[in-house]
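Atom set for the values below is all heavy atoms of this structure, side chains included, hydrogens, waters and symmetry mates excluded.
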Amino acid sequence: RIATLGEEVQAPRRTIPRAVIVTLILTAGVYLCVALATLRLLSISDSAEPPQNLLELASPHVSHLAIVWLTVGALAAMLAVENNLILGLSRV
């Protein structure tokens, strides 16, 4: 989507490569945090079966407020992706 919006920025030859690099770094960081949190939750689990819902597994160890924030963050991420797709498709 960054490339399709190249006409909207003032210096696309400088801005677009920076945006791509920053996006890759941030995305890799988010994926790393999610992977580490998932591995931590799985190491806490007493069951040999894989959990169907990590939030149920986490509930004894994580506060209710953290689960609410996780849910709000997931909803915000899904809305951001939808808005990004709408914006990108309108430019194509």
Original post:
Pick one: which of T23, L24, I25 meets side chain to side chain contact (heavy atoms under 4.5 Å, CB included) with I21?
Top reply: I25
Original post:
Taking it one step at a time, do R40 and L36 satisfy side chain to side chain contact (heavy atoms under 4.5 Å, CB included)?
Top reply: CA-CA 6 Å; R40 174 135 168 87; L36 291 175; over 6 Å; no
Original post:
Where do P17 and P12 come nearest, in terms of heavy atoms and distance?
Top reply: CD-O, 3.7 Å
